[in-house]
Number of protein chains: 2
Amino acid sequence: MKHITIKDVAKKLNCSVSTISRAFNDKYDIRKETREHILATAKEMGYSPNPIAKSLLKQCSNQIGVVIPEFINAFFPEVIIGIQEVLIKKGYQVLIMQSNESHITELENVKTLENNMVDGMIISLSLGTKNVDYYKYLISRGFPLVLFNRVSNELETSKVLFDDYKWAFFATEHLIYQGYVKIVHFSGPSGLVISQNRKNGFLDALRKHKIPFDESSIIETGFMISDGEREMEKLINENNLPEAILAVNDPTAIGAMKTLKKHGYKVPYDVALVGFTETKLAELIDPPLTSVAQPTHEIGKTAARLLLEQIESNGIFVPQTVILNGRLNIRESSMKLK
Amino acid sequence: MKHITIKDVAKKLNCSVSTISRAFNDKYDIRKETREHILATAKEMGYSPNPIAKSLLKQCSNQIGVVIPEFINAFFPEVIIGIQEVLIKKGYQVLIMQSNESHITELENVKTLENNMVDGMIISLSLGTKNVDYYKYLISRGFPLVLFNRVSNELETSKVLFDDYKWAFFATEHLIYQGYVKIVHFSGPSGLVISQNRKNGFLDALRKHKIPFDESSIIETGFMISDGEREMEKLINENNLPEAILAVNDPTAIGAMKTLKKHGYKVPYDVALVGFTETKLAELIDPPLTSVAQPTHEIGKTAARLLLEQIESNGIFVPQTVILNGRLNIRESSMKLK
DNA sequence: ATGGTTTTCGGAAACGTTTCCGGAGAATAA
DNA sequence: TTATTCTCCGGAAACGTTTCCGAAAACCAT
C-alpha cells in the first residue's frame, strides 16, 4: 500500500534527498560513482520518482490532453493513434476525454485537463460549441492548443485541416462525369466549418458544370449512420429520389445505403453514393463505397508535432495551419453502369 | 500563465487558507455565511482547487486507469464508452492507454498509471502477456484491479467475462443444423483463455453431433482482418475449402470473406461464415455476417461497477467474476441455401 | 603555506492542498 | 458570577519532489 519515496532511499543510503534527486535528474554536481550507486539501490528498492509531486513543483505534468466529440465512428480513434505515436516517444502521456458532442461536457473536460496541469491540448470541437471564449482565454495566456477537424475561425492557434472544399469538389465532379445530374448533398451541421467547406465544394462543382440546383439539393444532417438512415427514409417517403448523393461522411452514406437496400433500391443503379472520411467500412460494405480518404494517422501525428513545437518554443510561437491531402477512392457505389 | 491558488483567495478575503479549504470541502466547522461568501468570491476569481496538490496529499487521484491492447477494432472503444458512462457520473476521470498487444508497453502503462496514483485500473491483457507477476504484486497490496475479456486464471481479482464456450458451442451447432459438415475454426492465439474457451465450445459441439474433426479443423490466427485474409488465402491455395468457418471474431471472419470474394467464391454458397464479438460491420457487410453479439457497453459498465465496489469497500473485498450473456445474430453468411 | 577555484553534497524553501491541534470568543449551565 | 461546552477560525505540518544557497573538502597555482 505504501509507496517508496525519495526519503526512504535517502535514509537507506545515509544521504540527503537532494543527492538522490540529483542522481535521478542527471545533474552535473554529483560524483559519478555516487550517482550509479544511488540508481542501483533505488532500482533494487523499486523506487521511481512520483510524477504527481513533480507536476506540483514544476507546474507541468508531461501530459497532453485530447478532447474529441465522440468515440463511435472510426475517425477519431484513428487520429488518436497518430497522436499517441508521436507523443509517447517524446515521453508524454496522453489523456483522452470525449465530449459527446456537448459544449458543456467539452468545457468541463478542458477545465479538468487544465487543472491537471496538462502541458497542452489537442481538441476537436463538439457540435454544440458556439462560444469559444474559454479557448480565447487559454490562447491569450499562451496555453499550447492545437485544433483539428472541427475548428473555429475565431481562434488563432495551430490547426490541422483537410482540404474539404477541394475534395468535395472533386467527389462531386466524379459524380457529374459519371453522368448523374440530379445530385443531392447530405451536408453536416451548418455550424461547422467542415460542413460549410464541403457544401461549398459541392455547390461550386455543380456551378462549374452548369448543373441546376436549388435549396432541396442540400439536406442538412448529422454525422451518424442513423442520420443518413433518417434523411434517406424521408426522401423515399417523399418519392423524391435523387440520382446520386454526396454524403458529408461515410456513416451517413452507409445509413443511406442501408435504408435504400431495405426498401429494395439498388446502389448505384437507383441511387449512387459517395462518402467522405474513408472508414474501413467503405471497402467492406456492399456495394463498396466510393469515398474521400482522409489521412487520419497523419492528422494525429501532425497535430501532435504542432503541439510539441509550441510547447518547446518558449512563447515566441506563430500558429500554423497545416492542410493535409487526401484521395478519392472510387468504388462501385458511384459508378454509372449501363 | 499563473494559476489562481487557494492563497490568492485567502489573501483577498483576509482569512486563512484552511478556512478556504473548509469552505470548499463542506466541513462542519465553518459558518454558513462565511462559506457562501468564500465560494462566491472564489468563483468570481476563477479559482478551483488544484487536483494535483490534492492527489499528492490524499495519495489518490480520483482517476481510473484503463489499459487495452488495441484501439483498431470496435470492441474496446465500445467497452470504454460503457466504463466512462459509470465512472464519470461518480466523479472519476478515465485515463486510457493502449498496449499495442505488447507485454512491455502494457507494463509501462500500468506503472505510469500507478505512479499517477490512479485509484484503480481496468485492464484487458495484451497478447504478449505471459508473466503476470506484477499484477500479483498489485493485488497482494490490495490495489483495486478489474480484468475483462483477456484475463488470466492466475490472478485473483474481479473479472468481467463472456461465456465464450457456450456461445461458440451454440454458433457451431447453428452451422451443424444448417447441414454443414466440414467445419473449420479460425481460433485466436492459443495463449488466451478466450481463445481456448471458444475452441473448446467449437470442438464439443462437433463431438456432441458426432462430426468428425482432426487437427486441420483448428487454424490458429490473430484478431485482425489481415489475419483472416492470410489464413483464407492459404486454404484457397491448398485447394482445401471447408464448407463453413467459425471465426474467433468478426474481423477475421470479414477478412476471410474479403478473400473469398476476391477469388470469386460466394458466401455462404461456397463457404459459410460465422463471426464473434458482433461489430457494427457485421450487419453492414455483404452478405450480412452471422455473429455472436457481446454486450460491449454492459461489459464496460460492469467492470466499472466492480471496480467501484472494490474501491469503496475498504480492504474487505471478495473478488467477483461476472459472466455476461450474449446472443447469436443469424444472418445470411451462414444460411444453407438450396 | 596561502589563497582561490572547483567539486560534491546537505539544508531548506517551495509547489497547492488538507487536516490536526489549539485558541479565542460566544453560548450555555450551574 | 464562574465554569464548561460549543462554534468558528488560524497556524502548522504533511504529501514527494526540485532547486537554490551555502559549506566542506579537495584541488590547483603561486
Side-chain angles (χ1 to χ4, degrees), chain A residues 1-39 41-42 45-63 91 111-119, chain B residues 1-39 41-42 45-63 91 111-119:
Chain A
M1 214 59 211
K2 181 73 172 55
H3 251 233
I4 297 162
T5 78
I6 202 172
K7 291 180 190 169
D8 301 323
V9 184
K11 204 174 293 173
K12 175 140 185 173
L13 284 170
N14 252 330
C15 69
S16 75
V17 290
S18 34
T19 308
I20 312 284
S21 174
R22 269 187 278 261
F24 269 87
N25 292 65
D26 254 357
K27 293 287 170 175
Y28 61 98
D29 56 347
I30 185 171
R31 209 172 48 196
K32 211 176 167 197
E33 304 97 70
T34 321
R35 196 186 69 208
E36 281 161 8
H37 184 218
I38 288 174
L39 257 39
T41 36
M45 294 174 72
Y47 166 77
S48 66
N50 182 328
I52 300 235
K54 209 181 291 191
S55 297
L56 184 57
L57 196 61
K58 298 275 206 75
Q59 301 281 53
C60 71
S61 64
N62 265 319
Q63 293 180 327
K111 288 185 180 174
T112 305
L113 290 170
E114 193 196 351
N115 282 333
N116 265 50
M117 295 185 177
V118 294
D119 301 348
Chain B
M1 213 59 211
K2 182 72 172 52
H3 250 233
I4 297 162
T5 78
I6 202 173
K7 291 178 191 170
D8 300 322
V9 184
K11 204 173 293 172
K12 175 141 186 173
L13 284 170
N14 253 330
C15 68
S16 75
V17 291
S18 34
T19 308
I20 313 285
S21 175
R22 268 187 278 261
F24 269 86
N25 291 65
D26 254 357
K27 293 288 172 175
Y28 61 98
D29 56 346
I30 183 171
R31 208 173 47 195
K32 212 178 167 194
E33 305 97 70
T34 321
R35 197 187 68 208
E36 280 161 9
H37 183 218
I38 288 174
L39 257 39
T41 36
M45 294 174 71
Y47 166 77
S48 67
N50 182 328
I52 300 233
K54 208 182 292 190
S55 297
L56 184 58
L57 194 63
K58 298 276 207 71
Q59 301 283 50
C60 71
S61 64
N62 266 318
Q63 294 181 327
K111 288 186 180 172
T112 304
L113 289 170
E114 192 196 354
N115 282 333
N116 265 49
M117 295 183 176
V118 294
D119 301 347

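Here is the naming used below: chain letters follow the sequence lines, and residue numbers restart at 1 for every chain.
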Derivation of the side chain to side chain contact (heavy atoms under 4.5 Å, CB included) call for B:Met45 and B:Val9: CA-CA 8 Å; B:Met45 294 174 71; B:Val9 184; 4.1 Å; yes
B:Ser21 and B:Ser18: side chain donor to acceptor below 3.5 Å: no
Counting distance only, does the side-chain N/O of A:Asn50 pair as donor-acceptor with the main-chain N or O of A:Ile52 below 3.5 Å? yes
Bend of the helix from C:dA1-D:dT30 to C:dA30-D:dT1 from end-axis comparison, five pairs per end, nearest 10°, comes to 50°
From NE2 of A:His3 across to C1' of D:dC15 the rounded distance in Å is 13 Å
A:Ala10 and A:Ser16: which non-hydrogen atoms are nearest, and at how many Å? CB-C, 4.0 Å
Show, in sequence, the C-alpha distance, side-chain angles and deciding distance for A:Thr5 and A:Asp8, and conclude whether the side chain to side chain contact (heavy atoms under 4.5 Å, CB included) test is met. CA-CA 5 Å; A:Thr5 78; A:Asp8 301 323; 3.6 Å; yes
Hey, mind stepping through A:Gln59 and A:Met117 against side chain to side chain contact (heavy atoms under 4.5 Å, CB included) and telling me if it holds? CA-CA 7 Å; A:Gln59 301 281 53; A:Met117 295 185 177; 2.9 Å; yes
B:Ile6 has its side chain closest, among D:dC15, C:dT17, D:dT17, to C:dT17
Atom-pair distance (CG on B:Asn25; P on C:dT17), nearest Å: 11 Å
Interface polar pairs with nucleotides 7-9 of chain C, N/O, under 3.5 angstrom:
{"residue": "C:dC9", "atom": "OP1", "partner": "A:Thr34", "partner atom": "OG1", "Å": "2.9"}
{"residue": "C:dC9", "atom": "OP2", "partner": "A:Arg31", "partner atom": "N", "Å": "2.8"}
{"residue": "C:dC9", "atom": "OP2", "partner": "A:Thr34", "partner atom": "OG1", "Å": "3.4"}
{"residue": "C:dC9", "atom": "N4", "partner": "A:Asp29", "partner atom": "OD2", "Å": "3.2"}

Scan for salt bridge (Lys or Arg N to Asp or Glu O under 4.0 Å) pairs involving residues 12-26 of chain A, sequence neighbours excluded, and state none if there are none. A:Arg22-A:Asp29, A:Asp26-A:Arg35
B:Ala53 vs A:Ser21, nearer the 5' end of DNA chain D by closest nucleotide: B:Ala53
Can you check the B:Lys58 NZ to C:dT17 P distance for me, whole Å? 13 Å
Please determine whether side chain to side chain contact (heavy atoms under 4.5 Å, CB included) holds for the pair B:His3 and A:Asn115, giving the CA-CA distance in whole Å, both sets of side-chain angles, and the decisive distance to 0.1 Å. CA-CA 9 Å; B:His3 250 233; A:Asn115 282 333; 4.0 Å; yes
note: B:Ile20, atom CD1; D:dC8, atom C1'; distance rounded to Å ~ 14 Å
Figure out the CD1/P separation between B:Ile52 and C:dA14, and round it to whole Å. 21 Å
Between atom OG of B:Ser61 and atom CG of B:Asn116, what is the distance when rounded to the nearest 0.5 Å? 7.0 Å
Can you measure B:Asp8 atom CG to C:dC15 atom P for me and round it to whole angstrom units? 10 Å
Any side-chain N or O of A:Gln59 below 4.0 angstrom from OP1/OP2 of D:dT18? no
Interatomic distance where NZ belongs to A:Lys7 and P belongs to D:dT18 [whole Å]: 13 Å
Between C1' of C:dG10 and CD1 of A:Ile38, the distance in whole Å: 12 Å
Just to be sure I understand the rule, does A:Phe24 reach a base, reach only the sugar-phosphate, or reach nothing, if contact means heavy atoms closer than 4.0 Å? nothing
As a test of reading the structure: which of D:dT18, D:dC15, C:dT17 is closest to the side chain of B:Pro49, going by heavy atoms? C:dT17
